[in-house]
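I have placed the structure first, in the form of structure tokens, so that the comments after it can refer back to it.
Here the structure is a predicted model, which is why all the values come from computation and not from measurement. In what follows, chains are A, B, ... by sequence order, proteins preceding strands, each numbered from 1.
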Amino acid sequence: MPTAEAYPLSARRLSITWFVTVLALFAVLVLLGLAMRASQANALSLGANHFYAIMTFHGLGMAGALLVSALAGVWYLVSKYVARGGGDIGPYNAALWGAYLLTLIGVVGLLWATLGGGFAAGWYLLYPLPFVNATWPHWSTGLSIISLLGLGMAWLVMQAVILIALGGTYGFRYLLGWQYFRAGVPEVEVPPIVVISTASLIAGIITTVVGAVFLVLCLIQWVAPATHFNVLLLKNIVFLFGHTIVNITMYFGVAMVYELMPRFSGRPWLTNKAVVIAWNASLFLVLGAFLHHLYMDFAQPQALQYLGQILSYASSAPPTVVTIFGMISQVYGSGVQWSFVPLTFVLGFMGWLIGGFAAVVDSTIAVNFAFHNTLWVPAHFHTYFLMGYVLLLLGTVYFAVNATAEKLAKMSLAAMVVGGYGFLTMFYLGGVLGVPRRYATYQAILVHAVQHAGQSTAAIAVAFILLYVMGLGLCLLALALRRRLATAETAV
Amino acid sequence: MMTAGYAGLLTLLAAILIALLTLYLTRLSQPRLDAKETSPTVYRIRSRYFVVLLVLLALSLVLTLPHAPYVSTRTATPELAVDVTGRMWSWDLEAARPNDHLARSARGELVLPAGRPVVFNVTGADVNHGFGLYDESGHVVAQTQAMPGYINHLYHTFKRPGIYRILCLEYCGLGHHVMSAAIEVR
């Protein structure tokens, strides 16, 4: 049984604190999601003001919490290399604890602004929505912007710290693995988690800065209401930020699997030219894929629209092909025992592929013409997260905390997978049937077929979410049943 | 209309195939073999799969890009023009050219003819909205964003008479879900 003993205790403690916090928040956000679907099914009456405030907190919370959990996971796994390379991980841990504190403050601020103040502009807020005829108090918009700036700063710190730590360990010029193109043995070998994380961190840092610029502009607008910015430009900016952040969260999850799967398969998963090409390509492609969010903005230059489809298609291929076949190499004839952790990894990859396929379908302009802003959109990114990244995270956390309740964990996984895919199928079906996303209720829709489709798919979804919630509860219980580490390799 | 159904079916089949392959993969772990034996097979399949995937993606691009709903892909010249303004939380629809002589139904809905190309000049008066055009069966037949400061030109020819509903397809605040209008097509 592989153990988590090889990792520096201080980084482990830090990351586990992050994991516990994120999973607690995740559970609350899932319950809020359940409340929203129940409201859409007419089984619960939330009222539009509460629904949209919950929707805003649910979206912001999920996107942010899962990103920081991924960064915490990557830090936990690379801290071993940083410590082995002779680096003092103390200052990095201190900076990450600072980011943790900043995140807690930011989350409390958001909670206050949304569920307390009624701020309901959505998780990707489209300028100038929060500033025109807002039905929520002015202060809640300001508090949201400031809280988001705080969270953005925390994300920037986390990403920068990990990148600096890796650069200090291997040398910045080796992090993307370009040395693998030279003849002979590379002068510095880097594990795949470093190459993937570096590519994702660079994309993440760029877009976090872009997101911060957007928020500063919003802050200016909040202070000086007469200010006006270009709506289309800000829409591009907000999607560059939002899309990339969500996308790299998945990539960090994948990076964790590259690092951990060999512990179960007994086979190394090494960096090679294919891995380097795929993830270097993804660094550039992921930054352009956001353009597919603007297909229905016909005023956007058409060349960018076509580029959006080309880049979205292109970004789907390199990382998935290299990773999936890497996983096949790990599994085929390895004798791996299908315990909870490797199971979450293969099932998480399955969710990544299914969600990715649905995303590619929707990134086809002609298809997007029918699917844009229907339930197909939340369907694909919930697949990505719920049946993709979150499973990878749960596997990583199970490993990190040395959990031992194998049977309980597998039972929980079965409930989560059945509940999760049932819930997602209702989203997809709703999308095919033209049900709009982000509707507090379908009662007012005068197209009877759409109203009926919306309500009935939401009602069935509620049953599946309940099953998922049960599975999640059992999984959290399984994670709590762990054995203490007997020894620690590095007590730093 | 048909697009959504085909896309949904294609995704369902892909999801089933991915799930079956995942199940198959878990069974491939036994019996234990030397990685030196298995790796060449995996890499050979990977190269072929990558080429096939690239060809499929390129083919899909070539086949689908010409169907993008933009001005350059439209061959029919619009015979009628309608100005559409989305505002919190209602839609204004008016004839863009007085000479088009567009009628109103008894309920005050704009009346448009079936079979004649129409251009909708869509904008937003306050925030972003989404102009989503639904037929009576609940299919999204056309859509574009209604954005302040910009006019999006949406070309559409109504194939069948009936009441077409406009729903908002971009979240625009607390009245988003009640933002609706209708067009009668005769």
Side-chain angles (χ1 to χ4, degrees), chain A residues 48-49 52 120 122 126 128-129 132-133 135 231-232 267 296-299 302 305-306 309-310 313 317 321 325 328-329 331-336 338 346-347 350 353-354 357-358 361 364-367 369-374 428 432-434 436 438-441 444-447 449-450 453, chain B residues 3-5 7-8 10-11 14-15 18-19 22 25-26 28-30 32-33 35 38-39 42 46 49-50 53-54 57 61 64-65 67-70 72 88 126-128 130 132 134 137-140 143-145 147-150 152-154 165 167 169-174 176-178 180:
Chain A
N49 53 342
Y52 291 125
L126 292 183
L129 177 57
V132 180
N133 301 332
T135 46
V231 176
L232 183 57
R267 290 177 175 173
M296 292 304 113
D297 293 290
F298 293 4
Q302 274 187 53
Q305 307 286 28
Y306 295 128
Q309 185 172 336
I310 293 165
Y313 273 37
V321 171
F325 281 90
I328 294 171
S329 288
V331 172
Y332 181 25
S334 67
V336 62
W338 291 107
V346 291
L347 287 170
M350 184 177 108
L353 287 186
I354 294 173
F357 187 88
V361 166
T364 308
I365 301 171
V367 177
F369 195 46
F371 279 166
H372 188 79
N373 282 348
T374 67
Y428 283 114
V432 169
L433 297 173
R438 299 180 138 191
Y439 266 40
T441 168
I445 297 179
L446 295 173
V447 190
V450 177
Chain B
T3 312
L10 182 68
T11 306
I18 292 167
T22 305
L25 175 65
T26 58
L28 277 181
S29 62
Q30 306 291 347
R32 194 186 287 268
L33 301 166
T38 57
S39 287
V42 175
R46 182 179 74 179
Y49 174 78
F50 189 63
L53 183 66
L54 285 187
L57 287 173
L61 278 172
T64 61
L65 279 179
H67 296 284
Y70 306 130
S72 63
M88 293 163 126
D126 36 38
V127 299
N128 287 278
Y134 282 74
S137 310
H139 299 118
V140 181
Q143 67 162 305
T144 189
Q145 291 272 299
M147 203 179 358
Y150 289 89
N152 290 333
H153 302 287
L154 174 68
R165 299 275 174 191
L167 301 184
L169 284 182
E170 187 60 78
Y171 176 64
C172 56
L174 299 197
H176 170 53
H177 57 283
V178 295
S180 173

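Interface remark: B/Thr22 contributes side-chain atoms only to the contact with chain A (heavy atom separation under 4.5 Å). Contact annotation for A/Ser329: both backbone and side-chain heavy atoms come within less than 4.5 Å of a heavy atom of chain B. Proximity to chain A is limited to the side chain of B/Leu53, based on heavy atoms less than 4.5 angstrom apart. Using a 4.5 Å cut-off between heavy atoms, A/Thr135 contacts chain B through its side chain alone, with no backbone atom that close. Heavy atoms closer than 4.5 Å to chain B are found in both the backbone and the side chain of A/Ile328. Of the two parts of A/Tyr439, the backbone and the side chain both hold a non-hydrogen atom closer than 4.5 Å to a non-hydrogen atom of chain B. With a 4.5 angstrom heavy-atom cutoff, A/Val361 touches chain B only via side-chain atoms.
Remark: B/Leu61 CG to A/Ile365 CD1 distance equals 9.0 Å, nearest 0.5 Å. Atom CE of A/Met296 and atom CG of B/Asn152 lie 10.0 Å apart (nearest 0.5 Å). Considering OG1 of B/Thr11 and CZ of A/Phe371, their distance stands at 6.5 Å, rounded to 0.5 Å. A distance of 8.0 Å separates CG of A/Leu129 from CG of B/Asn128, quoted to the nearest 0.5 Å. Atom OH in A/Tyr306 sits 7.0 Å away from atom OH in B/Tyr70 (nearest 0.5 Å). Distance CG/A/Asn133 to SG/B/Cys172: 11.0 Å, rounded to 0.5 Å.
Considering only heavy-atom pairs separated by less than 4.5 Å from chain B, the leading option among A/Ala440, A/Ala453, A/Ala358 is A/Ala440. Interface summary for chain A: among B/Ala19, B/Gly130, B/Gly132, B/Gly149, the most heavy-atom pairs under 4.5 angstrom belong to B/Ala19. The candidate with the highest count of non-hydrogen atom pairs below 4.5 Å against chain B, out of A/Gly122, A/Pro128, A/Gly333, is A/Gly333. Of the listed residues (A/Val346, A/Asn49, A/Leu353, A/Leu446), the one with the most heavy-atom contacts under 4.5 Å to chain B is A/Leu446.
Using modelled atom types and a 3.5 Å distance limit, the side chains of B/Ser29 and A/Trp338 yield a donor-acceptor pair.
Closest heavy-atom contact between B/Val42 and A/Phe325: CG1-O, 3.5 Å. Nearest approach of A/Tyr332 to B/Thr38, heavy atoms of both residues: CD2-CB, 3.5 Å. Across all non-hydrogen atoms, the minimal contact from B/Val178 to A/Ala444 is CG1-CB, 3.8 Å. Minimum interatomic distance between A/Val447 and B/Gly138 (heavy atoms only, all atoms of both residues): CG1-CA, 3.5 Å. Closest heavy-atom contact between B/Leu33 and A/Arg267: O-NH2, 3.0 Å. For the pair A/Ala120 and B/Leu174, the tightest heavy-atom approach, listed with the atom from each and the gap, is CB-CD2, 4.2 Å.
Annotation: side chain of B/Arg46 is in contact with side chain of A/Val321 (closest heavy-atom distance under 4.5 Å). Between A/Tyr313 and B/Leu54 the shortest side-chain heavy-atom distance does not fall below 4.5 Å. Side-chain contact check for A/Phe298 versus B/Gln145: every heavy-atom pair is 4.5 Å or farther apart. Looking at heavy atoms from C-beta onward, A/Tyr52 lies in side-chain contact with B/Tyr171 at the 4.5 angstrom threshold. Contact check for A/Val450 versus B/His139: no side-chain heavy atoms found under the 4.5 Å cut-off. Counting heavy atoms from C-beta on, the side chains of B/Thr3 and A/Phe369 never come closer than 4.5 Å. Side chains of B/Ser180 and A/Ile445 form no contact here, defined as non-hydrogen atoms less than 4.5 Å apart.
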(message) Working note: A/Ser334 + B/Gln30, criterion side chain to side chain donor-acceptor pair (under 3.5 Å); need CA distance, chi angles, decisive distance, verdict.
(response) CA-CA 7 Å; A/Ser334 67; B/Gln30 306 291 347; over 6 Å; no

(request) For A/Gln309 and B/Thr64, run side chain to side chain contact (heavy atoms under 4.5 Å, CB included): C-alpha distance rounded to whole Å, both residues' side-chain angles, the deciding distance at 0.1 Å, then the answer. (result) CA-CA 10 Å; A/Gln309 185 172 336; B/Thr64 61; 2.9 Å; yes

